[in-house]
K.L.:
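Below is the structure I would like to discuss, written out as structure tokens.
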Amino acid sequence: MTTQFGKGCHLHLIDGSAFIFRAYHALPPLTRKSDGLPIGAVSGFCNMLQRYISDNTGSDAPTHVAVIFDKGSHTFRNDLYDQYKANREAMPEDLRPQMPLTREATRAFNIACHEIEGYEADDIIATLSVQAREAGGRVTIISSDKDLMQLVGGGVEMFDAMKNRRIDVEGVEEKFGVGPDRVVDVQALAGDSVDNVPGAPGIGIKTAALLINEYGDLETLLDRAGEIKQPKRRETLLEKREQIELSKKLVTLDENTPLDFTLDDLEVKDPDADVLLEFLAQMEFRTLTKRVADTLGAEAPAIADTPAAASSTDSVAPEWSAIEPDKYERVSDMVALNRWIAQITALGYVAVDTETTGLNDMQADLVGISLSTAPGTACYIPLTHRDGDSDDLFGSDKLAEGQLGLDETLKALKPLLEDPAILKIGQNMKYDAKIFVRYGVYVAPFDDTMLMSYALHAGIHGHGMDTLSDRYLNHTPIPIKSLLGTGKSAITFDKVDIEEAVKYAAEDADITLRLWMTFKSELHRAQVTTVYETLERPLSPVLAQMERHGVLVDRETLSRMSNAFAQKMAGLEAEIHKLAGRSFNVGSPKQLGEILFDEMGFEGGKKGKTGAYATGVDVLEDLATEHDLPARVLDWRQLSKLKSTYTDALQNHIDPDTGRVHTSYSQTGASTGRMASTDPNLQNIPVRTEEGRRIREAFIAAPGNTLISLDYSQIELRILAHVAGIDALKQAFRDGMDIHAMTASEMFGVPIEGMDPMVRRQAKAINFGVIYGISGFGLARNLRIPRSEAQGFIDRYFERFPGIRTYMDETVTFAKEHGYVQTLFGRKINTPEIAAKGPRAGFAKRAAINAPIQGTAADVIRRAMIRMPEAIKDIPCKMLLQVHDELLFEVQEGAEDQLIAAARSVMEGAANPAVHLDVPLVVDAGQGSNWAEAH
DNA sequence: CTAGAGCGCTCG
DNA sequence: GTACGAGCGCTCTAGC
């Protein structure tokens with residue numbers, strides 16, 4: 001029985017391609033258990049279809065529905081403009097085989113499914129929308145694509161399924177500043193970097209809307225462009241007219257796509273239970289198959305039980321309730337707080353988040369605490385919010401009404417947060433733990449979703465909560481900026497209205513809990529549970545303690561140096577201006593480039609992408625042989641760097657309470673497993689030049705103490721010798737030989753005794769080059785020799801140590817096959833770019849070669865750091881800093897030798913017992929009253 | 001006035 | 001067009 005499409009009918013058009021990409025990016029790369037077929041996007045797609053169907057059963061259910069896909073990459077738009085969508089990335093390899101499966105899935109759900117060669121889905125959607133509207137029906141387009149907004153109006157609406165929001169004419173006006181009928185005009189002007197629609201350079205959506213509203217439409221605007229007052233805009237519109245008109249053609253949807261079906265063919269049909277369940281079972285979606293079977297009142301077909309059946313492939317697809325910030329609880333009294341505590345105690349775990357007055361965990365004060373026990377169930381306990389509604393200078397210091405006392409709340413929560421039987425879950429727990437310590441609360445045990453994400457996905461994306469929420473929960477959290485504002489007018493969290501704070505803060509705890517549930521089982525499946533539990537989680541409290549202790553920095557020394565630098569710089573500046581013949585800003589590479597290459601006439605100036613001359617150290621060193629000016633600029637730059645980045649900036653980082661500098665280590669910042677130090681970065685304090693090294697004299701031991709530095713000797717080369725199995729190198733390390741001299745001797749056949757230092761230097765450069773994924777170009781530039789000569793060195797090196805080439809080739813092959821490489825301790829470093837084409841391929845290869853070496857070295861020192869507190873607990877000392885292969889300690893005078901022995905033993909044995917290295921690890925030690933002496 | 005990109009330089 | 005991995009200060013520009 002079919003009905004003619006007409007008045008009273010309601011057509012739903014689903015943007016299928018958008019669904020697929022959303023599903024693909026939202027989920028980890030799942031594969032079908034039985035044969036390894038990539039299936040993540042199909043899984044997400046099916047979950048979305050299922051959810052769509054169950055959400056659309058009410059009185060406003062559609063009478064007609066279709067899923068529309070893109071087909072082919074070449075459309076009429078490419079004929080108009082060959083750069084259209086030209087910078088779009090190629091479809092990921094593991095997504096391609098899933099495309100036909102999404103069509104199958106749609107048909108299995110018994111939903112019409114259409115695509116037409118040479119047309120984008122948007123054009124088909126446009127054509128159907130117009131036909132349906134003209135037939136007197138209503139249309140809802142399930143998509144959030146702004147390119148479709150031109151269709152809205154006259155019975156056509158859009159629905160953003162992710163945000164659960166309808167988009168009507170008003171919504172379009174909000175987005176574009178004009179009605180749907182003028183959207184294409186605005187798009188033609190604003191362009192679109194994603195689709196590579198050029199538009200008018202320098203004009204964005206805001207300006208475009210302004211112009212269109214003033215002139216009525218694009219054609220009138222272009223005809224009367226000469227009247228525009230702003231010179232830049234006028235020029236652009238006059239000059240780029242053709243480009244703008246082309247852009248309009250590109251963004252205008254084709255409403256006359258030739259269709260091989262009619263609206264009547266799209267009538268809603270119930271799914272055939274047998275067909276649908278068979279498809280889902282074939283895909284091995286256990287959870288979804290069961291759920292669909294329940295809804296249809298049918299029996300779920302059996303799915304072959306594999307060992308991993310307990311964690312079926314689609315179980316990570318979020319199936320929880322939507323995130324609704326309006327439903328969170330505000331805890332204002334002890335009765336409610338005790339109810340939460342009882343619930344958490346019975347449950348055994350809780351997600352925790354703190355809100356504070358700032359990002360500096362040594363200074364920020366606690367403002368409130370949020371807790372979550374289940375998806376959608378979360379609360380916020382405001383503690384020290386201030387009354388914000390008064391302009392009175394004193395009024396703003398008054399505590400707001402309806403808050404529990406800080407002391408009584410912490411007293412009630414302390415037993416729970418310290419209870420060894422209750423797991424505390426946090427996102428970047430190091431921050432919250434450091435805050436709590438300052439209030440006498442020692443959080444343990446804990447899980448950290450940021451570290452879980454890092455163990456799973458290092459190298460793929462960031463691990464901040466916003467990124468993770470977007471990716472794994474399909475949800476964009478409330479931006480903190482919407483509460484605090486930005487820049488000078490920004491407020492601190494204690495000034496935020498409590499009702500707003502509840503939504504924001506409790507949402508963070510809710511999201512953290514959901515992420516934990518998602519990652520928990522995934523760790524096992526990815527076989528990184530051990531990495532997380534032995535290399536990530538236990539390091540966090542060690543870092544927290546180092547950061548809290550800080551390193552003593554002498555302000556007087558820095559200040560004296562700053563003054564000395566300022567004087568020298570002033571002298572150099574005068575000299576430079578004289579040599580240049582006029583005054584200019586020496587600190588501006590742009591101005592310097594113009595002086596050198598335009599005014600003074602030096603040859604060989606190369607411009608970068610911004611059109612400015614390059615004036616880096618390589619360029620200036622070359623020019624310095626011809627003229628004094630570039631040489632003086634190099635001197636000036638060295639001083640300027642030391643002053644601004646070190647002697648000035650470090651003073652601002654001295655904590656007023658402790659008199660020490662407290663860096664912050666980011667455990668998830670570097671993809672290889674290294675730490676990164678920030679605020680300030682204490683891992684790049686100068687050491688290579690004599691003048692720079694003197695800055696380390698300002699890093700001092702407290703009175704009665706000594707600084708001790710222990711560093712691994714040649715750790716990366718030793719690891720290379722081990723993993724690549726180079727017998728000659730391994731033996732040299734066992735014999736304690738000079739490894740670079742030995743390499744030179746092997747390569748050039750010269751004796752080690754009385755070797756030319758230049759020859760050794762070249763061998764050293766090659767040894768390092770190998771670790772970095774050597775290239776003739778790179779080595780040539782480093783040694784400043786011709787490329788052919790460099791290539792000759794490399795060839796000879798590979799000839800003498802053939803195992804190195806084998807290791808490199810095997811590593812790259814492994815990366816291509818698996819999408820990641822591994823350290824000796826099982827850490828995975830993802831290499832998503834390894835399949836790229838062009839210059840990116842080279843980058844990805846070299847990174848893949850370097851990652852296991854750098855990463856294994858990082859793992860070794862991490863293991864040492866994790867064991868260190870126990871090993872030195874009876875020695876009066878503190879571990880202060882880590883600089884990749886070095887640890888810096890502060891120890892009471894008299895205990896130096898004891899500490900060196902204990903710490904060296906831990907460091908040299910750090911690979912054991914997990915890994916037996918064929919080469920010894922050797923640690924050098926130094927000591928002194930400051931870091932310059934100790935290093 | 002502010003945010004972000006680009007440049008340049010520091011470290012292992 | 002190129003060595004691997006990081007962070008930060010300065011200048012300059014676009015846009016509010």
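Everything quoted here is computed from the prediction, not taken from an experiment.
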K.L.:
Classify the nucleic acid contact of Glu886(A) as base, sugar-phosphate or nothing, counting any heavy atom under 4.0 Å across all strands shown.
P.N.:
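The residue Glu886(A) makes no contact with any strand.
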K.L.:
When all nucleic acid strands are considered with a 4.0 Å heavy-atom cut-off, which category describes Asn681(A): base, sugar-phosphate, or nothing?
P.N.:
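Sugar-phosphate, no base atom in range.
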K.L.:
Describe the nucleic acid contact of Asp885(A) in one word from base, sugar-phosphate, nothing, applying a heavy-atom distance below 4.0 Å.
P.N.:
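Sugar-phosphate, no base atom in range.
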K.L.:
For dC12(C), does either OP1 or OP2 sit under 4.0 Å from a side-chain N or O belonging to Ser588(A)?
P.N.:
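Yes.
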K.L.:
Write down the distance between CG (Asn767(A)) and P (dC4(C)), rounded to a whole number of angstrom.
P.N.:
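Nearest whole value for this atom pair: 18 Å.
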K.L.:
Under 4.0 Å, heavy atoms only, any strand: does Ala612(A) hit a base, just the sugar-phosphate, or nothing?
P.N.:
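Since no nucleic acid heavy atom lies under 4.0 Å of Ala612(A), the category is nothing.
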K.L.:
Does the pair Arg632(A)/Glu573(A) count as a salt bridge with the N-to-O cut at 4.0 Å?
P.N.:
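Between Glu573(A) and Arg632(A) there is no salt bridge, as every charged N stays at least 4.0 Å from the carboxylate O atoms.
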K.L.:
Under 4.0 Å between any heavy atoms, over every strand shown, what does Gly204(A) touch: base, sugar-phosphate, or nothing? Just pick one.
P.N.:
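Gly204(A): no heavy atom of the nucleic acid under 4.0 Å.
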K.L.:
Base, sugar-phosphate or nothing for Arg693(A)? Non-hydrogen atoms, less than 4.0 Å.
P.N.:
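No contact at all - Arg693(A) keeps every heavy atom at 4.0 Å or more from the nucleic acid.
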K.L.:
Anything under 3.5 Å between a donor and an acceptor, one on a side chain of residues 636-643 of chain A, the other on a protein residue two or more places apart or in another chain? List them.
P.N.:
from      : atom 1 : to        : atom 2 : distance (Å)
Arg637(A) : NH1    : Thr615(A) : O      : 2.8
Arg637(A) : NH2    : Thr615(A) : O      : 3.2
Arg637(A) : NH2    : Thr615(A) : OG1    : 2.9
Gln638(A) : NE2    : Thr689(A) : OG1    : 3.3
Lys643(A) : NZ     : Asp648(A) : OD2    : 2.9

K.L.:
Is there a donor in the side chain of Asn563(A) and an acceptor in the side chain of Gln567(A), or the other way round, less than 3.5 Å apart?
P.N.:
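There is no such pair between these side chains.
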K.L.:
Which part of the nucleic acid does Ile771(A) contact within heavy-atom distance under 4.0 Å: base, sugar-phosphate only, or nothing?
P.N.:
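No contact.
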K.L.:
Mind checking Ala851(A) for me? I need base, sugar-phosphate or nothing, with any heavy atom below 4.0 Å counting as a touch.
P.N.:
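Nothing: the residue Ala851(A), judged by heavy atoms under 4.0 Å, touches no strand.
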K.L.:
For Phe768(A), which contact category applies under a 4.0 Å heavy-atom criterion: base, sugar-phosphate, or nothing?
P.N.:
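No contact.
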